[in-house]
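Below, read A as the first sequence line, B as the second, and so on, with proteins coming before strands; counting in each chain starts at 1. Basis for what follows: all heavy atoms, side chains included, without hydrogens, waters or symmetry-related copies.
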Number of protein chains: 2
Amino acid sequence: MSRLRGSVTIDDVARHVGVAKGTVSRVLNNYTDISEATRKRVLAAVQELGYQPSATARNLKRGRQDTLGIVIPVGHGSGADPFLSEFIDGIARALDELGLDLLVTTAHSREHMIETVKRLIARRKVDGFIVTRTEVDDPRIAYLREHNFPFVAHGRTRDPSGYAWFDIDNEAAFADGVRHLYSLGHERIGFIGGPMELNFALQRRDGYRQGLEALGVAHDPELETLQLLTEKGGFAGAEALLSLEAPPTALLCATDALAIGAVQFCRKFGLKVGADVTIVGYDGLPVGEYLDPPLTTFSQSAQEAGGRVARMLIDVLDGKNPTDLQALATANLIRRASDGAPANSSEALASALRDRLNQQPHSGRKGE
Amino acid sequence: MSRLRGSVTIDDVARHVGVAKGTVSRVLNNYTDISEATRKRVLAAVQELGYQPSATARNLKRGRQDTLGIVIPVGHGSGADPFLSEFIDGIARALDELGLDLLVTTAHSREHMIETVKRLIARRKVDGFIVTRTEVDDPRIAYLREHNFPFVAHGRTRDPSGYAWFDIDNEAAFADGVRHLYSLGHERIGFIGGPMELNFALQRRDGYRQGLEALGVAHDPELETLQLLTEKGGFAGAEALLSLEAPPTALLCATDALAIGAVQFCRKFGLKVGADVTIVGYDGLPVGEYLDPPLTTFSQSAQEAGGRVARMLIDVLDGKNPTDLQALATANLIRRASDGAPANSSEALASALRDRLNQQPHSGRKGE
DNA sequence: TAAGTCAACAAAATCGGTTTCGGAGATCGA
DNA sequence: TCGATCTCCGAAACCGATTTTGTTGACTTA
């Protein structure tokens, strides 16, 4: 592979000025025991030669990399998560201001992910980790804690004590969502969720249940379905719930991707979203605004979250107590046009859909 | 900041086995002048102690980082480009197989971008660069070439000679698009493009013009509009073109984001996309499938492109001649449902729209 | 049997910085 | 005037690997 650039080293600068290299280093690192005259000459030479210290050499001595790591999960061929790309953007922006860099790797499985974490730590390529998409029992967090390696989690785990995290109050958001739908007049409210290993999926489902309970509405297990967090999953989820004897008139979805799939199901069977069926997502993806109808959703700024988490990690590296670095943010409901008062009762919806499902037997997708 | 982990070094291994550390290094790097017995003992100790060489120390000596860099442009507050996130995903996957890592940084301006490139090179944090979103005259590429630093571009520049690149044949795709629309019966075909500094935007516009010329259709400058590459830009572009005296019945858009905005404009003014107005995008974003109607678009697999570019860069680092590493791929038209034969003539479309624009003076959005 | 070869490894140099240690002058205090 | 203190900086150790050079004993070869 490529050889090192013929770049200028600290020795070149030292020789050019006629001082020891240690002196150059001290000038550059703002030591106080340097005379003004020497400082100026060194700085001039640095300028003239265009010297920049080698990060590698400095890291070796300092035992620090000025680099943070993130391992992003990539599904089975499914595309990248749009949430994550904004999240990374936010991290990178925050780090840029501090002169740190971000090392991004991907992992296609749980095992691969932890293996990558281990490798990056063992080879000392990063100073700390940002863990995303926390699981209820997260092996990455277990590993990092066990090895006392600095990290910050975006999202909590079952036991959220003893480490730094930033999370959204998912329970509150979904309880809120239920309340909102109920106040619009919905009495049967469905929930399309994700895999229960994912902590946020669990939290959102719990929030849904808590919301019902707070309203004194009996929880009907039939109205809950768990799917993969993709548009296809949302389609399947809507199909499952709306085909019930007594279908929900509103669907609360754990993510925007699910909601988009659910909207597609309704479109396919001629149900008017926002009237016949209300659909609410979560993520605030920009594209939601351009759907038909524009998607009502909970928004969290992924970019802001990224910046926040990055700064928290810096704090951890600076020696702050991780336990003091735990923050909970609120997600806000952005009302657009996919929610509204129910146009029909659950029974009417059921019969309308029954007709349509018969007319247009569940063939492959059409018109596309 | 954090101190180095109390991790096991090559000296620990050497001491444990009772050999010189050079011997351990040679075992690990498969030198031949090591007896089988020693090799085994060293390997056993490595296993037992869980030793992994420090990337930093190795890099210092070898002058190589096993890390590639990418600088992604981030708009003025606008979110991350969904294309880029899949692209990065593709890169990371390819690198993972080779044990390399990817350093991701963001830049909010042209200056910032080149400054970041300089810093990463000077501090020797990366071995090579992947340049995305090439501009017609790209300062990054000029810099990298001038300093003879290894890189691969995703997209070409005005002068595409002398460096490695991977690009899509944008001209061919858009010429093809024009032909397709013409064969559907469209005679006035509009083009919504992006800033002409971006090379792909230029290529796509040229392809549009070439397509018209090949068909012997006169090129009407009025039917071309350039916008920012966002949904808002698409909305504005559609507005500009459809408000013409003689509006186009089909809109060819340089990106999916533009197309999505154009679709929204049509929806807002009651124009049926795929009949009243045909809209074709470019990018093949997954979300296009879930729009109403599903978006007809040119697809290029961002992920595949990422992998491809990464492997090309490895080749460059391995000393291959960059000039031999230039590849052009074809984009395929994915027909979904936003294109079709024109339901009305340009005149009919114009008068229909005139009525609607008057009726519904440019108010905020409505619940559809 | 002495000189030459070779296998297998130890020792030391090296990469490019940071940091510790210590020493030469200048300055200060008594 | 002389030791004590400072100021400023050179010299060298050090970080943890890789790579070069050198050494030793065993084995050939003449």
Practice problem: Would you mind telling me which residue lines up with the more 5' stretch of DNA chain C, S35(B) or Q52(A), judged by nearest nucleotide? | Solution: S35(B)
Quiz item: Hey, does I34(B) reach any base, or is it just sugar-phosphate, or nothing, if we go heavy atoms under 4.0 Å?
Solution: sugar-phosphate
Practice problem: Looking at every strand, decide which applies to S25(B) at a 4.0 Å heavy-atom threshold: base, sugar-phosphate, or nothing. | Solution: base
Self-check item: Distance, rounded to the nearest Å, where D12(A) contributes CG and dG17(C) contributes C1'
Solution: 13 Å
Quiz item: Is any side-chain nitrogen or oxygen of T38(B) closer than 4.0 Å to OP1 or OP2 of dA8(C)?
Solution: no
Self-check item: Interatomic distance, R64(B) CZ vs dG16(C) P [rounded to whole Å]
Solution: 16 Å
Quiz prompt | Partner of P73(A) under side chain to side chain contact (heavy atoms under 4.5 Å, CB included), chosen from M113(A), H108(A), H112(A) | solution = M113(A)
Quiz item: Pick the nucleotide of DNA chain D nearest each of A20(A) and I10(B); which residue has the one closer to the 5' end?
Solution: A20(A)
Exercise. Report the residue from T134(A), D167(A), D138(A) that forms a side-chain hydrogen bond (donor to acceptor under 3.5 Å, both in side chains) with R156(A).
Key: D167(A)
Exercise. Report the distance from atom CG of N29(B) to atom P of dT20(D), rounded to the nearest whole Å.
Key: 12 Å
Exercise. Mark yes or no for a side-chain to base donor-acceptor pair under 3.5 Å between K21(A) and dG10(D), with no hydrogen or angle criteria applied.
Key: no
Quiz item: Do you see a donor-acceptor pair shorter than 3.5 Å between the side chains of K21(B) and T9(B)?
Solution: no
Self-check item: Touch class at under 4.0 angstrom, heavy-atom based, for V24(A) against every strand present
Solution: nothing
Quiz prompt | Length of the line joining R39(B):CZ and dA8(C):C1', which is rounded to integer Å | solution = 12 Å
Quiz item: Hey, is the side chain of R26(A) pairing donor to acceptor with the base of dT20(C) inside 3.5 Å?
Solution: yes
Practice problem: Record whether the side chain of N59(A) comes under 3.5 Å of the base of dC15(D) through a donor-acceptor pair of N or O atoms. | Solution: no
Practice problem: Take atom CZ of R58(A) and atom C1' of dC15(D), then tell me their distance rounded to the nearest Å. | Solution: 14 Å
Quiz item: Under 3.5 Å, is there a donor-acceptor pair between the E135(B) and T157(B) side chains?
Solution: no
Quiz item: Toward the 5' end of DNA chain D, which comes first, A55(B) or G18(A), by nearest nucleotide?
Solution: G18(A)
Quiz item: Atom CZ of R123(B) to atom P of dG17(C): distance rounded to whole Å?
Solution: 10 Å
Exercise. Kindly say if Y51(B) contacts the phosphate of dG16(D), meaning a side-chain N or O under 4.0 Å from OP1 or OP2.
Key: no
Quiz item: Can you find an N or O donor on one side and an acceptor on the other, under 3.5 Å apart, linking the side chain of R124(B) with the base of dG16(C)?
Solution: no
Quiz item: NA contact type, S54(A), heavy-atom cut-off 4.0 Å: base, sugar-phosphate, or nothing?
Solution: sugar-phosphate
Practice problem: Tell me whether the OP1 or OP2 atom of dG16(D) has a side-chain N or O from T56(B) closer than 4.0 Å. | Solution: no
Quiz prompt | Protein-nucleotide distance (D66(B), atom CG; dA17(D), atom P), rounded to Å | solution = 15 Å
